Amino acid sequence: MLDLAFVRENVERVEEKLAERGVPGGLDSFRKVDLERRRLLTEVEALKNRRNRASEEIGKLKQQGVDVQDRIRETRTLSDEIKRLDEEVGKLDEELRQILENLPNMPHASVPIGSSPKQNREVRRWGEPRQFSFPPRPHWELGEALGILDLARAAKITGSRFAVYWDLGAKLERALANFMLDAHGREHGYREVLPPAIVNSASLFGTGNLPKFAGDLFHLENTDWWLSPTAEVPLTNLFRDEVLDAAELPIKLMAYTPCFRSEAGSYGKDTRGIIRQHQFQKVEMVKFAHPDTSHQELESLTNDAEAILQKLGLPYRVVLLCTGDMGFSSAKTYDLEVWLPHSGEYREISSCSNFESFQARRANIRFRTGGKGKSEFVHTLNGSGVAIGRTWIALVENYQQEDGSIVIPEVLRAYLDGAERITAEGRLVPK
RNA sequence: GGAGGAAUGGGUGAGUGGUUGAAACCGGCGGUCUUGAAAACCGUUAGCGUCGAAAGGCGCUCGGGGGUUCGAAUCCCCCUUCCUCCGCCA
């Protein structure tokens with residue numbers, strides 16, 4: 001959420017910035033409602049002042065034993081008028097609140113302007129896509145053939161866009177999680193957290209998922225609970241309504257959690273395989289940073305995610321999203337895209353964003369320097385470090401052999417009882 | 001799930017209708033004293049909104065929301081969270 005006073009004082013600049021994001025319509029209704037609200041507010045506050053003085057007076061007179069019936073009657077009329085005006089102000093408050101809550105964040109100056117992913121800017125590449133001496137197969141074929149991935153049975157027990165992993169397929173998922181948590185914990189200084197996978201609407205409001213994007217989420221019937229779409233939500237909200245000490249910043253947290261997305265509106269997209277799932281697991285990194293250094297923190301956060309792909313030997317590129325492709329809450333986002341041989345393209349595997357004070361304002365997360373002075377909103381950041389399901393895909397596809405087996409990268413073997421290769425030998429799954 | 005109890009400023013904790021936005025203590029900050037420090041003493045110490053060029057007004061805020069009243073931290077209703085006891089349970 002943007003700051004009310006800031007928007008008021010910079011309406012035109014805000015309008016320009018939002019136009020860059022392709023937000024239709026200007027801020028005319030904002031101007032109108034804001035003005036009218038303030039006009040009414042001064043009016044009703046003047047009346048309240050009169051009422052307060054009158055009440056005080058009545059109290060005094062009553063103690064002196066003076067008859068105050070007339071005074072009371074007058075003041076009652078005043079109170080009625082106040083009540084009426086208060087309701088009007090309330091309506092305008094609500095209108096203004098809705099306008100503000102539905103404005104996306106302003107893009108950082110370094111973000112390229114554009115309306116589609118085509119205007120995203122590739123920042124760097126790492127690794128060379130492997131040259132295959134045979135036609136590489138997609139992960140769903142390899143996985144089913146090896147008996148480590150089972151989409152048919154997942155559809156039976158739950159539905160489409162769910163997966164069952166067997167044997168080394170399941171273990172690989174667990175190995176990846178542990179490998180990533182260890183790397184970020186030991187080498188990058190993130191503290192591990194295990195949060196709830198169900199969150200309330202206040203938390204989702206804080207990160208900017210609600211009220212606008214309820215359709216992307218799973219809602220638990222007759223409750224205020226939702227399945228968390230990413231650990232960003234619980235982690236960021238850990239410090240909701242709290243004041244942190246500047247000396248503690250940056251605070252770096254990570255969590256391995258399931259993530260749930262309704263994927264409404266993506267029918268027909270990525271229908272094969274496990275690219276797009278209703279449930280997937282992810283290691284997520286979240287930072288609470290000082291405003292002065294948050295953009296440096298974004299760079300290092302992105303590097304931390306990249307380190308995972310490098311250790312796994314997976315070719316990727318880093319893309320700076322343009323204004324039109326960024327998420328609602330973000331001021332600047334880098335996507336990491338990993339190379340997928342079956343489609344011969346780079347696909348998103350991590351998204352690293354600086355939200356600046358946008359989420360902090362919504363969630364009321366502040367910091368104070370030396371325990372004194374005025375508190376300020378922190379800057380929040382997060383990034384996938386990285387999405388496990390898609391890493392699983394990338395490994396299977398990039399390390400596939402002509403015989404359909406998968407070579408396990410060196411760094412993961414310790415997490416898989418020393419296994420060097422996944423083969424169909426001894427498969428458990430009935431065909 | 002059932003029965004009770006609680007929620008006040010950075011902390012502890014007073015306060016059951018009228019100068020209480022809130023005592024007292026602790027903590028924080030500034031000062032006096034001291035070679036320095038401690039102790040002691042004095043002073044100071046909420047947030048948001050709104051008007052104003054400023055100085056400074058004014059309004060709102062005692063878990064959240066509604067109500068009663070000329071007037072609510074105080075009375076009534078609803079909700080949330082926490083605690084205790086009973087039941088159930090991985």
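Both backbone and side-chain heavy atoms feed into the values below; hydrogens, waters and symmetry mates do not. Naming convention: chains lettered A, B, ... in sequence-line order (proteins, then strands); numbering from 1 in each chain. Because the structure is a prediction, the values reported are computed rather than measured.
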Once you round it to whole Å, what is the distance between [atom2] of [N] and [atom1] of [X]?
X	N	atom1	atom2	result
A:L47	B:C58	CG	P	16 Å
A:W225	B:U81	CH2	C1'	13 Å
A:D241	B:G64	CG	P	11 Å
A:E94	B:G65	CD	P	13 Å
A:N200	B:C79	CG	P	18 Å
A:D86	B:G67	CG	C1'	14 Å
A:R71	B:G18	CZ	C1'	15 Å
A:I58	B:G17	CD1	P	19 Å

Write out a two-atom table: protein N or O, nucleotide N or O from nucleotides 49-53 of chain B, distance below 3.5 Å.
unit_1 : atom_1 : unit_2 : atom_2 : d
B:G49  : N2     : A:E45  : OE1    : 3.1
B:U50  : OP1    : A:R8   : NH2    : 2.7
B:U50  : OP1    : A:R37  : NH1    : 3.3
B:C51  : OP1    : A:R38  : NH1    : 3.3

For [N] versus [M], give the span between their [atom1] atoms, rounded off to a whole number of Å.
N	M	atom1	value
B:G47	B:A23	P	15 Å
B:C58	B:G21	C1'	15 Å
B:G10	B:C62	C1'	16 Å
B:U19	B:U61	P	15 Å
B:G28	B:C82	P	32 Å
B:G67	B:G15	C1'	23 Å
B:G1	B:A73	C1'	34 Å
B:G30	B:G4	C1'	49 Å

By nearest-nucleotide position on RNA chain B, the 5'-leaning member of A:E87 and A:I72 is A:E87
Exactly one of A:K32, A:R38, A:R31 should register a salt bridge (charged side-chain N to carboxylate O under 4.0 Å, His left out) with A:D34. Which one does?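 It is A:R38; the other options fail the test.
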Do the side-chain N or O atoms of A:S79 get closer than 4.0 angstrom to the phosphate oxygens (OP1, OP2) of B:G71?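 For B:G71, OP1/OP2 do have a side-chain N/O of A:S79 under 4.0 Å.
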Does a side-chain N or O from A:N52 land closer than 4.0 Å to OP1 or OP2 of B:G59, or not?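 Checking B:G59 against A:N52, a side-chain N or O does come within under 4.0 Å of OP1 or OP2.
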Count the heavy atoms of every other residue, nucleotide or ligand shown that sit under 6.0 Å from [atom1] of [X], and state whether that count exceeds 12.
X	atom1	result
A:W225	CH2	no
A:K212	NZ	yes
A:R153	CZ	yes
A:E425	CD	no

With sugar-phosphate meaning primed atoms plus P, OP1 and OP2, does [X] contact a base, only sugar-phosphate, or nothing at under 4.0 Å between heavy atoms?
X	result
A:R73	nothing
A:R50	nothing
A:S55	base

Chi class for B:U61: syn within 90° of 0, otherwise anti: syn
Would a distance-only check, ignoring hydrogens and angles, find a side-chain to backbone donor-acceptor pair under 3.5 Å from A:T236 to A:V233?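 Checked: no pair found.
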Using only atom types and a distance under 3.5 Å, with no angle test, would you say the side chain of A:N354 pairs donor to acceptor with the backbone of A:E356?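 Flag set: sc A:N354 to bb A:E356 pair under 3.5 Å.
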In terms of side-chain heavy atoms of A:K48, which of B:G18, B:G71, B:C60 is nearest?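 Per side-chain heavy atoms of A:K48, the pick is B:C60.
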Nearest to the side chain of A:K83, heavy atoms from C-beta on, is which of B:G71, B:U68, B:G59?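 Looking only at side-chain atoms, A:K83 lies closest to B:U68.
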What stem regions, each of at least 3 consecutive Watson-Crick or G-U pairs below 3.5 Å, can be found for RNA chain B?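 Result, WC/G-U stems under 3.5 Å: B:1-7 with B:80-86, B:10-12 with B:24-26, B:27-32 with B:40-45, B:47-51 with B:56-60, B:63-67 with B:75-79.
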A:L146 to A:T423 - nearest heavy-atom pair and separation: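 Result for this residue pair: CD2-C, 3.5 Å.
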Looking at A:T207 and A:N209, what are the two nearest heavy atoms and their distance?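 Of all heavy-atom pairs spanning A:T207 and A:N209, the closest is OG1-OD1, 2.6 Å.
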Going by an N to O cut-off under 4.0 Å, is there a salt bridge joining A:R50 and A:E81?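 No, A:R50 and A:E81 are not salt-bridged.
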Return the set of residues passing side chain to side chain contact (heavy atoms under 4.5 Å, CB included) with A:R53 (not counting sequence neighbours), or none when no residue passes. A:N49
